[in-house]
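Inspection log for the structure reproduced underneath, given as structure tokens.
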There are 2 protein chains.
Amino acid sequence: MSTITDVARVAGVSVATVSRALRGLDRVSPETRQRVLDVAEELHYVASPTATSLASGRTRVVAVVAPFLTRWFFATLVSAIEKELRSRGHHAILFDLEDDTYDQRLPLTQNMLWKRVDGLITLNVPMEPDEVALVDRLGLPLVAIGSSVPGRPCVRIDDRTTMRTAVQHLIDLGHERIGYIGDVPRNVAHVQTPQDRLDAFRATMAAAGLPVVEEWILGSDWTAEAAARDGAGLLRLDPRPTAVVAASDEMAIGVRESARGLGLRVPEDFSVIGIDDYVLSGVLGLTTVRQDVAAQGRAAARLLLAALLEGDEGSDEVVMPTELVVRSSTGPVPA
Amino acid sequence: MSTITDVARVAGVSVATVSRALRGLDRVSPETRQRVLDVAEELHYVASPTATSLASGRTRVVAVVAPFLTRWFFATLVSAIEKELRSRGHHAILFDLEDDTYDQRLPLTQNMLWKRVDGLITLNVPMEPDEVALVDRLGLPLVAIGSSVPGRPCVRIDDRTTMRTAVQHLIDLGHERIGYIGDVPRNVAHVQTPQDRLDAFRATMAAAGLPVVEEWILGSDWTAEAAARDGAGLLRLDPRPTAVVAASDEMAIGVRESARGLGLRVPEDFSVIGIDDYVLSGVLGLTTVRQDVAAQGRAAARLLLAALLEGDEGSDEVVMPTELVVRSSTGPVPA
DNA sequence: CTGAAAGCGCTTACAG
DNA sequence: CTGAAAGCGCTTACAG
């Protein structure tokens with residue numbers, strides 16, 4: 001493969017001129033520029049990103065940091081981010097912080113970031129104080145999605161409003177005995193989303209003058225499996241709720257399956273609503289409050305690119321709207 | 001942040017010695033090595049990957065190339081690969097080749113690879129001849145998952161055997177009128193997996209002396225939505241199949257929903273089986289032929305790392321086993 | 001066992 | 001408008 005020196009030699013100019021011509025910098029005569037471009041094309045010249053990075057101090061690489069990669073929400077974000085970055089000449093390097101345990105995760109280290117990336121996007125990862133300090137020390141711009149990082153821009157939905165919409169939908173259908181699934185996991189108490197959603201559930205119930213039954217509030221690890229298992233326990237209680245709000249569609253799907261397994265008809269005997277509009281929710285007829293996950297990824301990538309390319313280091317919050325999507329998993333309270 | 005020069009100065013040795021000591025090379029006295037390590041730690045020294053790459057010619061970065069990122073199969077692979085790479089000091093850079101159209105995809109370019117990665121893993125992407133030539137020219141090791149690349153190692157399942165297992169399960173249950181969903185998409189006729197699975201469907205039916213009804217073979221774009229829509233059409237035919245084999249679980253889920261939508265009981269009136277053991281298949285009670293997707297990702301990463309670190313450039317095929325998992329979406333043929 | 005020096009392939013002031 | 005030269009921060013023969 002040819003280097004900038006080859007191009008310079010063939011074009012009969014210096015490497016400095018090749019560098020300027022190829023990057024479209026000013027102060028190169030049109031004829032010279034054209035000659036350089038022609039030669040570069042002819043030699044299939046592509047600048048070595050590693051040399052460019054060393055010389056310029058910029059890598060054009062962004063770290064995408066996620067607590068899991070396999071779940072729909074995160075995979076959808078990663079895909080949207082990667083495309084947006086690439087359209088502006090940047091690349092995504094991945095850090096999956098998933099550990100073998102549910103409540104633990106790998107820490108962000110200097111090793112992952114230093115001279116490797118120009119900035120980072122965190123996907124719903126609550127940052128530890130020393131991680132925040134590390135990113136500050138390295139002077140890297142950061143955009144958060146979901147779980148916000150102090151002093152940094154954040155793209156998210158309004159978890160409280162979203163949950164209120166879900167609960168209100170059930171209340172509007174006449175339900176009074178409403179259960180909840182998606183309690184805050186014990187050892188990740190610093191995660192904001194589960195906390196906000198549960199708070200909003202309680203607040204909405206209180207505002208409607210409805211009691212919250214503590215034993216109808218379930219934990220589960222935010223997977224459909226756990227929700228199906230826990231949901232079966234919930235629905236065997238007497239009395240049992242006539243409806244359940246799940247903090248995610250995947251959990252809602254699990255609960256609905258457990259209801260069916262117990263012979264309950266959905267929505268005639270039992271209603272369930274989730275949050276997300278998961279990829280299968282339409283096909284499965286799940287009522288949900290939709291969020292546009294890909295749009296959040298694109299917005300975050302654009303914010304980071306603005307910081308990288310234009311030096312626009314805002315600390316704005318971008319709050320994306322959510323909307324109720326009524327399908328067939330919810331219905332009027334049974335008589 | 002400190003550089004190798006800082007460490008050398010504080011430790012009172014040359015940068016060459018620091019470099020050797022830190023990388024654990026031979027011919028450094030134990031005392032010198034320890035002093036260097038101490039100083040490096042004290043200064044929070046981390047070698048600049050960009051400088052290391054330029055000097056050594058290796059980036060320790062691997063391109064992970066996928067046709068989509070949001071679908072479960074690919075997200076699961078990416079997650080497994082990223083972890084395996086990181087455990088050996090490598091990183092994953094992502095290339096999502098998804099275009100806006102289903103039958104097109106972005107091409108792999110020199111720009112993505114040259115001096116940017118040490119090798120690549122392709123996730124079920126059928127490579128064009130000029131892409132293969134590019135990778136050859138750049139001298140990059142490559143490991144394929146799923147769709148194989150000539151002369152390169154490949155990790156996959158045996159699509160024919162897997163499909164045969166699925167079809168045979170239905171035949172064993174007494175079904176004779178069996179439909180198929182997951183025909184080969186028109187403009188991606190070079191994709192091997194759909195082709196192999198459909199071939200195996202036909203062969204297995206033939207071997208059992210059963211007719212294949214051409215209008216019971218559906219295309220669909222391998223999403224649950226399309227399968228639900230197409231499945232509804234299929235099940236309105238008269239006569240209609242008593243069972244359907246879907247080439248993926250996501251499609252099987254779609255077909256099952258369309259059956260339920262038409263008032264058919266599953267599995268009493270209608271059976272459906274998929275392939276994958278998708279993340280929700282357990283909860284949804286879908287009968288399937290399971291493949292271990294994460295294991296395929298790990299195996300591919302290990303093969304690539306062997307090529308990178310030990311120079312073991314095999315061209316082995318690794319064929320992973322699959323297994324029938326009977327759940328509640330299949331049952332005996334209705335009387 | 002250790003160091004001086006060249007080299008990796010660019011970018012970026014500085015001159016002219 | 002263009003070039004010579006320093007510099008980015010490492011690794012790697014080559015000497016000793």
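All chains are named by letter (A, B, ...) in the order of the sequence lines, taking the proteins before the strands, and each is independently numbered beginning at 1.
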Item to check | salt bridge (charged side-chain N to carboxylate O under 4.0 Å, His left out) contacts in which one or both residues fall within residues 1-12 of chain B, not counting sequence neighbours | outcome: B:Asp6-B:Arg9
Next on the checklist: For residues 129-152 of chain B, which residue pairs pass the salt bridge (charged side-chain N to carboxylate O under 4.0 Å, His left out) check, not counting sequence neighbours?
Outcome noted: B:Arg105-B:Glu131, B:Asp136-B:Arg152
Next on the checklist: At a heavy-atom distance below 4.0 Å, which nucleotide of DNA chain C is the first touched by chain B, and which is the last?
Outcome noted: C:dC1 to C:dG9
Next on the checklist: Using only atom types and a distance under 3.5 Å, with no angle test, would you say the side chain of B:Ser53 pairs donor to acceptor with the backbone of A:Thr50?
Outcome noted: no
Checklist entry - For A:Val15, does its backbone N or O pair with a side-chain atom of A:Ser19 as donor and acceptor, under 3.5 Å? => result no
Next on the checklist: So if I take residues 29-49 of chain A and measure heavy-atom distances to DNA chain D, which residues fall below 4.0 Å?
Outcome noted: A:Ser29, A:Thr32
Checklist entry - So, the side chain of B:Asp118 versus the backbone of B:Arg58: is there a donor-acceptor pair under 3.5 Å, distance only? => result no
Checklist entry - What dot-bracket string describes DNA chain C from 5' to 3', counting Watson-Crick and G-U wobble pairs whose defining distances are under 3.5 Å, with [ ] for crossing pairs and | for pairs to another strand? => result |||.||||||||.|||
Item to check | No-hydrogen, no-angle side-chain donor-acceptor test under 3.5 Å, B:Ser79 and A:Asp96 | outcome: yes
Checklist entry - Does B:Ser87 use its side chain to pair, donor to acceptor, with the backbone of B:Glu84 at less than 3.5 Å? => result yes
Item to check | Contact list for residues 116-151 of chain B, test ring-ring contact (aromatic ring centres under 6.0 Å, His included), sequence neighbours left out | outcome: none
Item to check | Which residue lies more 5' along DNA chain C, comparing B:Val13 with A:Ala55 via nearest heavy atoms | outcome: B:Val13
Checklist entry - With respect to B:Phe68, which candidate in B:Phe73, B:Trp222, B:Phe74 satisfies the ring-ring contact (aromatic ring centres under 6.0 Å, His included) definition? => result B:Phe74
Item to check | Side chains of B:Gln296 and B:Asp292, donor plus acceptor under 3.5 Å | outcome: no
Item to check | Closest-nucleotide 5' rank along DNA chain C - winner of A:Thr5 and B:Val28 | outcome: B:Val28
